[in-house]
Every structure is written in C-alpha cells, then in structure tokens.
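Notes to accompany the following structure.
The analysis underlying the following values was restricted to heavy atoms, covering all of them including side chains, and did not include hydrogens, waters or symmetry mates.
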Amino acid sequence: MFDRYHPSMIEPRWQRRWADERAAYVDTSVPGGEYYMLNMYPYPSGSRLHVGHGRNYILGDALYRRMRMAGRKALNPMGWDAFGLPAENAAIQSGVHPREYTLANIGRMKEQLYALGCLYDWSKELASCDPDYYRWNQWLFLRMWEQGLAYRKTAPVNWCPGCRTVLANEQVVDGRCERSGDAVEIRDLTQWFFRVTDYADRLLEGLDRLTHWSDRVKTMQRNWIGRSEGAEVFFRIDGLTEPLTVFTTRPDTLYGATFLALAPEHPAVPQLAARSPRRAEIETFVERVRRESRLEREAEGGEKEGLDTGVLGINPATGETIPVWLANFVLPEYGTGAIMGVPAHDERDFEFARKYGLAVRPVYRVGDADPDGAAMNEALPHGGVLVHSGSWDGTPNGPEAISVAIRWLEEKGFGRGRVGYRLRDWLISRQRYWGTPIPAIHCPTCGVVPVPDADLPVRLPDDVAFRGAEGNPLEQSEAFVKTTCPKCGGPARRETDTMDTFVDSSWYYLRFLNPADAERIVDTERVERWMPVDQYIGGIEHAILHLLYARFICRVLYDMKLVSIEEPFERLFNQGMITSLNPATGKVEKMSKSRGNTVSPDDLIARYGADTVRLATMFIGPPEKESEWSEDGVAGAHRFLNRVWETVSRAAEVTGVGQAAVSASASGDTGLRRWTHRTIERVTDDFDRFHPHTAVAALMEFQKALADALESGGESPAAIREAADTLLELLHPVAPHVTQELWERLGHPGFLLDQAWPHADPALALSTDVVLVVQVNGKVRGKLSVARGASESEAMARAREDERIRSWFEGREITRTVFVPDRLLNVVVR
RNA sequence: GCCGGAGUGGCGGAAUGGGCAGACGCACGGGACUUAAAAUCCCGAGGGCCGAAAGGCCCGUGCCGGUUCGACUCCGGCCUCCGGCACCA
C-alpha cells in the first residue's frame, strides 16, 4: 500500500518539521510537572562525532522522547564545554584561532546531532567560551575569593624548557615532553586554588542521600575523599624551635616510632640542612627527588629512597632520640608532609627500616606465623598488650586503643586528634590562553587585587600570536596584560592564568534555566522549581572529578543562598564506552579520535538512514556496559525497520487510512491484543531500567506477531489497528523518523512525540494459561499448561495424569513437594 | 597492592525477587521463490551419547567447594579480563 521505505526521503523532512514546530522547546519560566532531563555537555575538540559518542546522544534522545510521551515536561538542553587544551594545540599547529576552530567544530557536531534526529532545546544552548557565560565563572571566582575559598599558593608544575611552556601530566611521557622530547623540569609556580577540602565532610555525607546513584560511583568518591581519623603528634627536633608535626592514623603505635621521615619539599628541610653536618648531601638528595617527575615518583613499585639528615628528634612517648630522615615516598600534599616511622606495624615503614637498618620496636603482638613477627614478639618484653608510652592498661588493639592514645596525647600536650583527607584542594590555574581569565590584577603597591564586578567580563584578547614556543600566549598581549590598579590607579599587570575547564562544567546545568541572563549567575526562582536535575547521563570517566566539583560548587552556591539544593543531580546514569579494534595496536580499546579507531555515523546514516544507526546502536547491548562496536548488527536493524514498514503498510490495507480508517476501539480478548498489551508492559519497563536493547527485542517479537496475525486473518480491524499504532508509539523513541512517517500515513495528525505513551490493560497483559514446570528431585521432567492460579493439588493431579512425568516418581516415596504458583512444581522422592 | 565491575553458544547478548539457561539479533547450514543471482520469506542449530526415526538420556553459565527441594543468581576460596586509585602515614 505504501511505497518502499526510503530513509533519505523521509528523515530530513521530519528533522526540518521538528525544528520548525519547535517541538522540543520548553518554557523554563513556567512551573509544573517537570521532568528535567539533562543530557550532555560535550567537548567539541574533534570536528566529528563517532559512534562511540553517538550512543550517548541517541540514548539521551530516546529517553527524552519517552519522557515527553509519558507526559513529563522534559527539557533536553545542549551546551558546549568549549574551552580547553586541544583547541589551543590546534591553534599552535595550524594557526587557526582557537575560537574559530571551536565554533566550527560546534557547528559540525550540531549538524550531526540533527542528522541523528536528536531533539535539543536550542533556545537554551550555551558555550563556555562565550563571554556571557565565562563572566559568571569570574563572578563566582570573586565571591569565592572574598570568602577565602579561592587562594594562592605555590605548587609544582611540569615545565618543558624547549617549548617554554607548562605541560599537563598526560603530555609528559617517561619524564620527557611528548612534543619536543626535552627532559621535563619541575618548577614551582604560585597558582590559584579552590578550597574544596573545606567541604570534604559535607561532600562525603551527601553521598548517603544520593539513593539513585550507583554504589560504584559513590564508593569511588568516598575513596577519593579518603577521610581518615587519626592524630597529629608533635616531635621536638634537635636545633629547631618549633616542634615537627606528623599526621598518623595509628597514634596508639607511637611507642614503636623509631624514626621520622619528611618529604624533601617539607618547609623545615632548609633549617634542618643548615644545622646538619650533611648539608651538601641533603641538598643533592632534595634536588634529585624533586627532579623525578611526579608520575615517576608516584609510579608503582618505585624504589624507596631515603637520607639520614643526621639530626635527631625525640619520641614523646619513650623520651628516646630517634633519627630524622628524608624519604621520597612521603608526599608533601598529604597530612603534614611528615610521618613517624613505625616499622613493627606498617609494612612500608618496615621495608624502609630494613633497607636502612633502622630499629623495629613492636607495640602489639603480631602474627606468629610471620617469621618477622615471631622475631618481633620475642623483642616484646611483656606478655600482654602494650598501648603507649610503655604503660599498660589492657586496651586491645583497635579503635578503642586509638581514642585512648589521642586522649593521652592531648592531656600531655604531645598532640591532638585530627581528621585527615586524601582529597587535595583544587588547582584551577592553567598557564593557557583558551580558558576563562582569572579576574585578578597584580599591583606593585597594593599586591593582588580583585577586578571589580563592574569591570566583568575580563575578555580574552584577540591580538594573540600562537607561535608555540612562547609560554602562555596571553602574556604576549600587551593590551591585555597592561592595566591600572583598581585600588590605587597606578600601573599594574593583569593575571594571565586562566581557569581549569572543570570550573565551567561545575555549574553549567544551572545556567540552562537562564542562559541569556545578564543580571545574575542563576535564576534562583527557576532553580527552585526545576532543580535538581532528575536524570544526569554521563560517562563513567567523570565519576570522580567532574561530579565531585559539580557537587562542591553547588554547595558553594547553596551557602551563598543562590540555590536551594545541595545536590545537583538526583539520578545518575553512567554509560559504558564503545570499544573497537585499534588497527595500530591490534587490541580492542575505547573508541577515541586520538587512538584512530573511530567509526563515523555519517557514512552509516548515508547508507542506511539515521533510524537504522539509532536502532543498531541501542541494540548492541546494555548501555551501562562497554560494548565492542560491530557493523554486523546494522544490516539486521535495517531489515527490521523494513519489516515494520511492510507490516504497518499491510495493516493499513486492512484498516484503511485517514477518513476511511476504523473508528471502533479494540475490544475483547484475542491473541493479538494480548501480544499488544504484554509488549507495552515489557517495553515500558525496559526503558525505565535503561535497557533499550531488550525493548527492541520485544518489539521485534511483536512485529512478528502482528505480521502473523495479518497473514492468518481472524483478528478484527480494530485489534490490528491497535497493534499497529502501539508498535509505532513504542518504537518511536528509538526510530523516530520512520515511525513518524508511518504515523502520518496511517492518517494520524501531529507528532508522535506529543502522543501519550500507550497504557497496558493489566487483564490483557497477563496470560490466562501458564506453563508450569514439573521437576522431580530438582530436575525438569515435564511441562504442564495450566490455568493461571491453579492450586498445588490441581497441579499434582495433572502431573500424575501425565505418563512421562509419572514414570519419574511412580513406585518411589514422595518425601515432599515444593509448589510455586504459576511457575513450578518440584516433587522430591527417595 | 587496594577499591569497583565483569566472565553465559561461533559472535553481541537474554534470563528484572533462588524456580524452563541460551529470548532477540548477527554469522552459519538447509529449503522456498527466481532461467540465475541479489533481495525477501520459511526451517534448523549449546555439547556429548543412544536411536532408522519419533524421541530419549547425560553434561553444561571462568575454576574448586558450600547452602538449598532447586544456584548463571546466595556464601567461602581461587583464576582471568576491564575500569579507577595508589608509597595516603
């Protein structure tokens, strides 16, 4: 009845219509029944999407369409994470300005999203490189500075002397610059930080309330924050006025501390060196460790290296002198940058003590099975449990001993209880051009001065040359750097560091509600109505940094009373990556441009149409798992859509179209109607648990059932029509174009997208007969078709009638039977 | 090393709360249609054994053990792969 299925004829037409009718647009100023689904915030570094990304957008679009049909006022906005290093590198390599490069990429990616049939509310579009967006990064920065949440301190960076520029960790390969091959130096620069550690406890506690987040991500965040309770202990050091503070999680083992170890970067090291007879050695050692790249120093199995400073400290518990060492494994960022070494109760300290012949003094009995342990126990002078300072109180090894030890330390003034975190403050400074300028001015008389709000935004200058070997290109712009001090009016220099792009992405979801608002960063009233984000979809690679920073900034805005929520994302779904064979390595790896194993959706769309690509992508497997891309499924997906076309076309012959179409609604209890309603139930359920692949499988079975019903006749036109309509409605989220085209050809007005999601009649969705499995001693011996709700005695009677089943327990003693209604009967015999 | 996830036919995968293992699809084999091919449609198929056939039996969800009437599913131990973190005091 209908001519053949031609995706290339129908898809562009519907894409235009959807855009013209503004089908997706939601007025965020209006409250009521909202489902605010947030999809993606892509980074337009590559000019083309690949199918690996494609799955994310298709899944988001399918869920958006499903939510619209379920009557939710869904908002599917799109924004662009537009700043970042690749754009700057492209500028250096090809001379194209990062802005031009980025905007061109955004344009191409938009075209592709459009070609895939993804509907976004483009009226809410934003890009972080737009001054109207990044001015609010600057505004937020100034507020955080006022509150002490933004501050400056020195931090080491990777410096490439050849490129005269700062390198990201990933640009350092084997201690050398990826590009020039020069040996990378570690330099100390004064940089800007956000004090995320102030929020560590709140970020940790908040996780407990995120009941719709996976335990997987919550566990990763908990481990990243790494809260540990312990104590600071003060050690008097020979020749130092101030005591040395160490952090330990095991203050109860203080008695066994036989040495101290400092990070070579520790601020007390120069003083120690000055008093030490080994000054030259210390300086050489510090220089050597500092030269090790961060990556190498933190690498697996790195050799522990230390140097005895020759200076002595005093263990406050024993009063004995212990040596002070420098050690490469002590990190300056964690705890206090200094540790007490307890070789008897810490494996790493033991290894170190062994290598350098340091004393081992046990505090607790240790495992006798361990030969080292047995030796230690012999050295233990008493036959009980020693807690601290050589005094005995019978407290067992454990949390109680730790709190006893902390109380003791505090009474004696030897230390105090403290909570330590693994989390470090967020370094936001980047020595790059393509980012948000940090709104600060360096004045020779007034110091570091904030840019006044009235002068925002501090715009990126355009007169910048990207010649590569010149450090931060921003420094080259006279017009940008030269300014006057807002305080004294004298000549001053502008800050040339720009912000980490994670700053942009940590609050963008709020900005979708008022993207063009020049008055304020967020619209508090709209946030109240629409937030939190109901469904956040993102890759698992963002489980830690992005999601933690977004939670942090949301709390900062909460404390400023700008938003009423502390947690920005109520439900989180993390998809897995699409992998494919990398021809270079011969291994199956995640699909990415840098690995050169991408597959373009453009070619596939040209060959099969967008719906086929969408269907094949959704059918590949569960989206939370990683899946290997294979084109084998594409032809099958295309065949299925052709069958849908054929079947619905034949259904139209039976039922008529437009004015002539059947008007009676389907009634009664027929095989096809049961199929229809059971399929509604299955597909609805599958979408709600993010399993589009099983929804598609159910629709394939349903299409077959409808085709069979048409073949054999016997179903009423109304039942046929109900089935055909339902098939189109349920398939629409995955294959929107072909279903919309058929919907129109059947004579329905308007968009399927605005159609109500079909409702399953529970009486029809349940079958009247069920297959009861009969087991004997747990092994399947037969199947019985019985009425739903059949009793155990009925089932048993039927089983006895069945000769084949009966033969398995005839003449044997039945010891018990297990009956699960509508499912199974298990006869246990001796 | 630690944390998290996974392991099911030739392949992608299904089995939603302990109850028919292998849905759906790909590839494959056979058949129909065709002068022929493509396309399309139909049928078949986890492995082994018995049987001429109908059919029947045994084994089977990484490995070993346990709980249970019954285990892909729960418990203990191990192996492999993937992801994240890592001298974290």
Can you pull every protein N or O that's under 3.5 Å from an N or O on nucleotides 31-33 of chain B?
none

Polar atoms only, N or O, under 3.5 Å: list the protein pairs with nucleotides 69-74 of chain B and their distances.
from  : atom 1 : to     : atom 2 : distance (Å)
B:C69 : OP1    : A:R816 : NH1    : 2.9
B:C69 : O2'    : A:N826 : ND2    : 3.4
B:C69 : O2     : A:N826 : ND2    : 2.2

Check nucleotides 55-60 of chain B against the protein and report each pair of N or O atoms closer than 3.5 Å, with its distance, or say if there are none.
from  : atom 1 : to     : atom 2 : distance (Å)
B:G56 : OP1    : A:R804 : NH1    : 3.2
B:C58 : OP1    : A:R781 : NH2    : 3.3
B:C58 : OP2    : A:R781 : NH1    : 3.3
B:C59 : OP2    : A:K779 : NZ     : 3.0

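The aromatic ring centroids of A:F619 and A:H693 lie 6.0 Å or more from each other.
Judged purely by atom type and a 3.5 angstrom limit, A:R798 uses its side chain to pair as donor or acceptor with the backbone of A:S785.
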Next on the checklist: Before you tell me yes or no, could you show the steps for A:E813 and A:V829 under side chain to side chain contact (heavy atoms under 4.5 Å, CB included), namely the whole-Å CA-CA distance, both residues' side-chain angles and the distance that decides it to 0.1 Å?
Outcome noted: CA-CA 5 Å; A:E813 185 194 346; A:V829 300; over 6 Å; no
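In terms of position along RNA chain B, the nucleotide closest to A:R823 lies nearer the 5' end than the nucleotide closest to the other residue of the pair A:R823 and A:A338.
Between the side chains of A:S791 and A:E794, at least one donor N or O lies within less than 3.5 Å of an accepting N or O.
The salt bridge (Lys or Arg N to Asp or Glu O under 4.0 Å) analysis of residues 776-793 of chain A, with sequence neighbours excluded, yields the pairs A:R788-A:D822.
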Item to check | Nucleotide-resolved protein contact map, nucleotides 7-16 of chain B, B/S/- at heavy-atom distance under 4.0 Å | outcome: -----BSSSB
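Closest to the side chain of A:E701, from the set B:A89, B:U40, B:C24, is B:C24. Checking B:U40, B:A89, B:A86 against the side-chain heavy atoms of A:R422 singles out B:A86 as nearest.
Within residues 783-794 of chain A, the residues that place at least one heavy atom under 4.0 Å from RNA chain B are, in residue-number order, A:K783.
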